[in-house]
Amino acid sequence: MEEDELTWKQIKEIAEQAISKETGGYVMTLEEKVRNEGKQEGLVEGEQKGKLEGLKEGIELGITLKFPGDIDTVMAEVNKIDDLGTLKEIKETIKTAKDISEILALLK
């Protein structure tokens, strides 16, 4: 280590001396807030992922029951979709579709 380099311990000591207890409390509060916001974002992302997976599973079941011969073709395209609105539209269309072309039209 060169003479002008500081160790982590020295940096910590300097920071502790430079930051008053009051300021340190603000820093800790800010850190806690940022951490909690990160957790909330993670929950929202997890919820979104769960909804996407659930819709895809429902679509797969619907296609399997109504158009079993086309399941691989349809699901290969459905699994590329990450938009809840589009997946909901596909799920609803399966209910009334008379043939697979109505579903395939939504996948283009």
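The residues of the chain are indexed from 1 along the displayed sequence.
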Could you report the tightest heavy-atom contact between Ile59 and Leu87, atom names first, then the distance?
CD1-O, 3.5 Å
Is there a donor-acceptor pair closer than 3.5 Å between any side-chain N or O of Lys51 and the backbone N or O of Leu84?
no
Heavy-atom distance under 4.5 Å between the side chains of Ile100 and Lys66, does that happen here?
no
Could you walk me through whether Thr73 and Glu77 satisfy the side chain to side chain contact (heavy atoms under 4.5 Å, CB included) test, starting with their C-alpha distance in whole Å, then the side-chain angles of each, then the deciding distance to 0.1 Å, before giving a yes or no?
CA-CA 7 Å; Thr73 305; Glu77 293 304 312; 5.8 Å; no
Please tell me whether Ile63 and Leu107 are part of a single hydrophobic cluster in this structure, the criterion being side-chain heavy atoms less than 4.5 Å apart.
yes
Rounded distance (nearest 0.5 Å) linking atom CD1 of Ile103 with atom NZ of Lys98
12.0 Å
Answer yes or no: is there a donor N or O on one side and an acceptor on the other, between the side chain of Lys56 and the main chain of Ile81, under 3.5 Å?
yes
What I'd like to find out is whether the side chain of Lys91 reaches to under 4.5 Å of the side chain of Lys88, using heavy atoms alone.
no
Asp82/Leu52 under side chain to side chain contact (heavy atoms under 4.5 Å, CB included): CA gap, chis, key distance, verdict
CA-CA 7 Å; Asp82 287 329; Leu52 289 170; 4.1 Å; yes
